[in-house]
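All values derive from a computational prediction rather than experimental measurement. Each ligand, and each atom within it, is numbered from 1 in the order the structure gives.
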Amino acid sequence: MDVLGVELIAADDAGAPRRLAVSEGNQMRLLLIGAPGAGKGTQAERLAERFGITHISSGDLLRQHVKDRTSIGRMVTSYLDHGDLVPDGVVMDMLRKPVVAAAEAGGYVLDGFPRTVEQARASFPTAHALGVEVQAAVHLDVARADLKRRLLARRRGSEDTEAVIERRLQVYLDKTVPLLEYYADREWMFTVDGAQPPDAVYADIVACLEGWWTSLRGPGQASRASGR
Ligand code: AP5
Ligand code: MG
């Protein structure tokens, strides 16, 4: 487990490093990995509330940019509409500030980033230098047929048409499954059966995180993972 030092480093608006008055014990920085429709957003929201951390969804932020017609939004619209991944630089630049701000505020649950080995490799040195890298990752495992059924039932605009869903699922197989293989066997990587009802998925994630947090801090320090 890559454990951070007690003092964390962040960048100010000018990009200069500065010390953060955030202690390691007050931080929880999580990553949810899963296929389109696996329940990342659903679970991230609940985990954020339970642990008092910030939910950051790369997809939600990108969709907001499209809605607000920002320069990023104009750049990414056609990627989202086709189910393709947005260029790494765009996503990483967009996430840097919110991730550092969330870490300063007590931690985050990041949903949708990194979703390729390249993104994980490219973002780690910066995140590590800033003291904001992910501490634990949860993979929500759901079968393809269930994913398709969920997304077709949801119909979130142009992204949830049958052709685009197929494309998103293929991109997941090609680009994100290798990330799971890259993270496999790390002691901070957990896989949960995401095909269960949402409450059961949530209970399994919390149980994993409680075990992880306790092993990291010792039995007397489990209050954060218990949500107390
Ligand atoms: P993103 O927004 O991340 O979409 P996604 O990965 O395709 O996943 P979804 O948000 O559709 O599903 P989810 O896993 O959050 O599930 P949810 O909880 O909503 O990305 C969108 C696009 O942005 C990408 O295609 C790409 O273009 C771009 N992008 C984003 N990040 C990027 C990155 N890092 N790099 C490059 N490009 C990037 O649940 C889905 C449905 O299932 C809901 O209706 C929900 O109610 C239901 N449901 C949830 N859990 C359960 C359950 N346990 N049982 C039954 N139903 C359930
Ligand atoms: Mg989502």
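- When each atom of ligand 1 is checked for a heavy atom of G112 under 4.0 Å away, the hits are 31 (N), 32 (C), 33 (C), 34 (N).
- Taking 4.5 Å as the limit, every side-chain heavy atom of V138 sits out of range of all side-chain heavy atoms of L31.
- At a heavy-atom cutoff of 4.0 Å, ligand 1 is contacted by both the backbone and the side chain of T42.
- Close contacts of ligand 1 with A35, meaning ligand atoms under 4.0 Å from a residue heavy atom, involve 14 (O).
- A salt bridge does not link D160 with R155: none of the charged nitrogens is closer than 4.0 Å to a carboxylate oxygen.
- If you number the atoms of ligand 1 from 1 as listed, the ones under 4.0 Å from a heavy atom of R63 come out as 2 (O), 21 (C).
- If you look at Q196 next to ligand 1, the close heavy atoms, those under 4.0 Å, all belong to the backbone.
- For ligand 1, the atoms closer than 4.0 angstrom to any heavy atom of D84 are 26 (C), 27 (O).
- The residue from S57, A38, S58, S78 that puts a heavy atom closest to atom 31 (N) of ligand 1 is S58.
- Listed by number with element, the atoms of ligand 1 under 4.0 angstrom from any heavy atom of Q119 are 33 (C), 34 (N), 35 (N), 36 (C).
- Taking a cutoff of 4.0 Å between a charged side-chain nitrogen and a carboxylate oxygen, E166 and K148 qualify as a salt bridge.
- With a heavy-atom cut-off of 4.0 Å, P114 does not touch ligand 1 at all.
- Ligand 1 lies within reach of P198, whose nearest heavy atom is under 4.0 Å from it.
- Near G41, the atoms of ligand 1 lying under 4.0 angstrom from a non-hydrogen atom of the residue are 13 (P), 15 (O), 18 (O).
- For ligand 1, the atoms lying closer than 4.0 Å to a non-hydrogen atom of L62 are 23 (O), 28 (C), 29 (N), 30 (C), 38 (C).
- The nearest non-hydrogen atom to atom 52 (C) of ligand 1, considering only R168, R156, R150, comes from R150.
- Classification of R46 and D199 as a salt-bridged pair holds, one side-chain N sitting under 4.0 Å from a carboxylate O.
- Within the structure, the closest approach of G37 to ligand 1 falls below 4.0 Å when heavy atoms are considered.
- Using a 4.0 Å cut-off between heavy atoms, K40 contacts ligand 1 through both its backbone and its side chain.
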Take R50 and E210 through the salt bridge (charged side-chain N to carboxylate O under 4.0 Å, His left out) test and state the conclusion after the steps.
CA-CA 12 Å; R50 175 162 185 138; E210 278 177 356; 3.5 Å; yes

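- Surrounding CD of E49 are at most 12 heavy atoms belonging to other residues, nucleotides or ligands under 6.0 Å away.
- Residue P87 places no heavy atom under 4.0 Å from ligand 1.
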For side-chain contact (heavy atoms from CB on, under 4.5 Å), just list the numbers for V109 and I56, CA-CA rounded to whole Å, side-chain angles, deciding distance to a tenth of an Å, and then say yes or no.
CA-CA 6 Å; V109 50; I56 302 173; over 6 Å; no

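- The protein heavy-atom contact nearest to atom 3 (O) of ligand 1 is R115 NH1, 2.9 Å.
- Between R149 and E162 there is no salt bridge, since no side-chain nitrogen of the basic residue lies less than 4.0 Å from a carboxylate oxygen of the acidic one.
- Atom 40 (C) of ligand 1 has as its closest protein heavy atom R154 NH1, 3.7 Å.
- For the ligand labelled ligand 1, residue A153 lies outside the 4.0 Å heavy-atom shell.
- Between the CG atom of D68 and the CZ atom of R63 there is a distance of 13.0 Å, given to the nearest 0.5 Å.
- The ligand atoms of ligand 1 that sit less than 4.0 angstrom from a heavy atom of E159 are 21 (C), 22 (C).
- Formation of a donor-acceptor pair under 3.5 Å by the R29 side chain with backbone atoms of E133 is found in this model.
- Protein heavy atom in closest approach to atom 16 (O) of ligand 1: G39 N, 3.1 Å.
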